[in-house]
Amino acid sequence: ARVADAVTLGPEFDAPLLTLLETRTPDGLEARYALSIGLAWESAAELPAAIARAAFARARAGPRSGYAFDATATDRLWLRALEALRGNARLAGTEGSFAFSSTWSFEALAVAPQPEVRRVEDRKDERRVIGNEIVLKLYRRLESGPHPEIEMSRYLHDTGFPITPPLLGSIEYHPAEGESVALGVAHRFVENQGDGWSVTLRYLARFLERRRALAAPASSSGVSPWQW
């Protein structure tokens with residue numbers, strides 16, 4: 001794998017780094033991923049538990065040594081990304097630029113200066129609820145061109161569709177040549193009892209439990225059609 005481009009989210013030496021990685025699968029296909037990297041200069045024994053679990057390499061800068069870790073494990077990355085969205089930042093990388101674009105719905109939203117950041121389970125990407133008002137998602141595997149989630153959300157937002165969470169903003173990478181790459185998306189957080197996938201799984205589990213509990217009729221062959 002190689003680092004195709006990168007940008008720091010902040011002026012500090014150890015500010016979170018947003019990187020684009022390019023690699024090739026064993027069958028020869030090219031793939032692109034996003035990886036957010038943080039640096040911690042503590043010893044292994046001093047690392048906070050969340051950072052210790054996310055650490056993947058040793059790091060050294062002059063006399064200092066520490067660890068590189070997946071920065072999505074800490075609030076700092078998410079709050080820096082939120083700041084960039086609020087300011088419609090456009091950050092220059094080495095081969096292109098990282099564009100943080102917000103909508104008018106974001107501009108009208110009041111968010112506390114240091115909001116709470118809560119993890120949300122996601123099968124594919126990284127998601128956090130920020131301040132009980134914003135859901136920010138960062139994509140792991142990347143594709144060039146318009147992203148269906150962002151495009152559909154933007155259309156529904158701009159046409160005033162009232163019964164979906166409003167789009168608050170998007171994060172995209174614009175290379176010097178070629179199509180843009182979606183890196184993340186932000187929506188308004190809506191109080192809920194889970195997502196559609198979880199509801200479907202729970203319904204199917206209850207359905208199968210009820211079927212197993214029924215006195216199933218015998219078939220002509222003498223074997224219950226509900227026998228597993």
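Between L79 and P115 the shortest side-chain heavy-atom distance falls below 4.5 Å. In this structure the side chain of L9 reaches within 4.5 angstrom of the side chain of L91, judged on heavy atoms. Here the side chains of L138 and L77 are in contact, with some heavy-atom distance below 4.5 Å. Counting heavy atoms from C-beta outward, D75 and R128 have side chains that stay 4.5 Å or more apart. N132 is listed as a side-chain neighbour of F189, based on a closest heavy-atom distance under 4.5 Å. H147 is not listed as a side-chain neighbour of E172, based on a closest heavy-atom distance of 4.5 Å or more. Using a 4.5 Å heavy-atom cutoff, the side chains of E107 and S102 are in contact. In this structure, W78 and E126 have side chains that are in contact, with non-hydrogen atoms separated by less than 4.5 Å.
For OH of Y155, the number of neighbouring non-hydrogen atoms (other residues, nucleotides, ligands) closer than 6.0 Å is 12 at most. Remark: E12 CD is packed, more than 12 non-hydrogen atoms of other residues, nucleotides or ligands lying under 6.0 Å away. Heavy-atom contacts from other residues, nucleotides or ligands closer than 6.0 Å to CZ of F56 number more than 12.
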Are R86 and E83 close enough, and set up right, to give a salt bridge (charged side-chain N to carboxylate O under 4.0 Å, His left out), and what steps lead you there?
-> CA-CA 5 Å; R86 189 194 305 276; E83 291 175 11; over 6 Å; no

Apply side-chain contact (heavy atoms from CB on, under 4.5 Å) to the pair Y139 and V185, showing each step before the final yes or no.
-> CA-CA 8 Å; Y139 302 122; V185 64; 3.4 Å; yes

Verdict with supporting geometry, D70 and I37, side-chain contact (heavy atoms from CB on, under 4.5 Å) = CA-CA 5 Å; D70 180 353; I37 302 175; over 6 Å; no

Dump the intermediate steps for side-chain contact (heavy atoms from CB on, under 4.5 Å) on I134 and L109, then the final yes or no.
-> CA-CA 9 Å; I134 299 170; L109 191 63; 3.6 Å; yes

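In the hydrophobic cluster analysis, where Ile, Leu, Val, Met, Phe, Trp and Tyr join through side-chain heavy atoms closer than 4.5 angstrom, L17 is grouped apart from L136. Hydrophobic clustering (ILVMFWY, side-chain heavy atoms < 4.5 Å, transitive): V7 and L20 are in one cluster. Put simply, L21 and L142 are part of two different groups of oily side chains (I, L, V, M, F, W, Y) that touch within less than 4.5 Å, one to the next. There is a path of hydrophobic side-chain contacts, each under 4.5 Å, that joins I130 to L18. Taken together through direct or relayed side-chain contacts under 4.5 Å among Ile, Leu, Val, Met, Phe, Trp and Tyr, V111 and F106 form part of one hydrophobic cluster.
For the pair E209 and R211, the salt-bridge criterion is not met [side-chain N within less than 4.0 Å of a carboxylate O]. A salt bridge links R76 with D14: the distance from a Lys NZ or Arg NE/NH1/NH2 to an Asp or Glu carboxylate oxygen falls below 4.0 Å. Using a 4.0 Å cut-off between charged side-chain N and carboxylate O, E121 and R127 make no salt bridge.
W104 and H157 have tilted rings, their planes meeting at an angle from 30° to 60° on a 0 to 90° scale.
Residue pairs meeting the salt bridge (Lys or Arg N to Asp or Glu O under 4.0 Å) criterion with at least one member in residues 15-27, sequence neighbours excluded: R2-E22, E22-R32, R24-E30. Among residues at least two apart or in separate chains, side chain to side chain donor-acceptor pair (under 3.5 Å) pairs with a member in residues 40-57 are S43-E46.
Rounded to the nearest 0.5 angstrom, H174 NE2 and S180 OG are separated by 5.5 Å. Going from atom NZ of K124 over to atom CZ of R141 covers 10.0 Å, rounded to the nearest 0.5 Å. For the atom pair S101 OG and R154 CZ, the distance stands at 7.5 Å (nearest 0.5 Å). Atom OH in Y173 sits 10.0 Å away from atom OG in S144 (nearest 0.5 Å).
Of the possible donor and acceptor atoms, one in the side chain of D5 sits under 3.5 Å from a partner among the backbone N and O of G96. The backbone N or O of L167 lies less than 3.5 Å from a partner atom in the side chain of T103, making a donor-acceptor pair. In terms of modelled atom types and a separation under 3.5 Å, the side chain of R188 and the main chain of L168 share no donor-acceptor contact. Judged by distance alone, with hydrogens and angles left aside, the side-chain atoms of R140 form a donor-acceptor pair with the main-chain N or O of D125 at under 3.5 Å. Judged purely by atom type and a 3.5 angstrom limit, T19 uses its side chain to pair as donor or acceptor with the backbone of L35.
Nearest heavy-atom pair, G10 versus R80, reported as atom, atom and distance to 0.1 Å: CA-NH1, 3.4 Å. Contact record, L85 with A186: CD1-CB, 4.0 Å, taken as the closest heavy-atom pair. Considering every non-hydrogen atom in both G184 and I150, the closest pair reads O-CD1, 3.7 Å. Nearest heavy atom pair, residue A73 against residue A54, reads CB-CB, 3.7 Å.
Every residue was checked against the side chain to side chain donor-acceptor pair (under 3.5 Å) condition with T74, not counting sequence neighbours, and none meets it.
A cation-pi arrangement is present between R58 and Y67 under the rule of less than 6.0 angstrom and at most 45 degrees off the ring axis.
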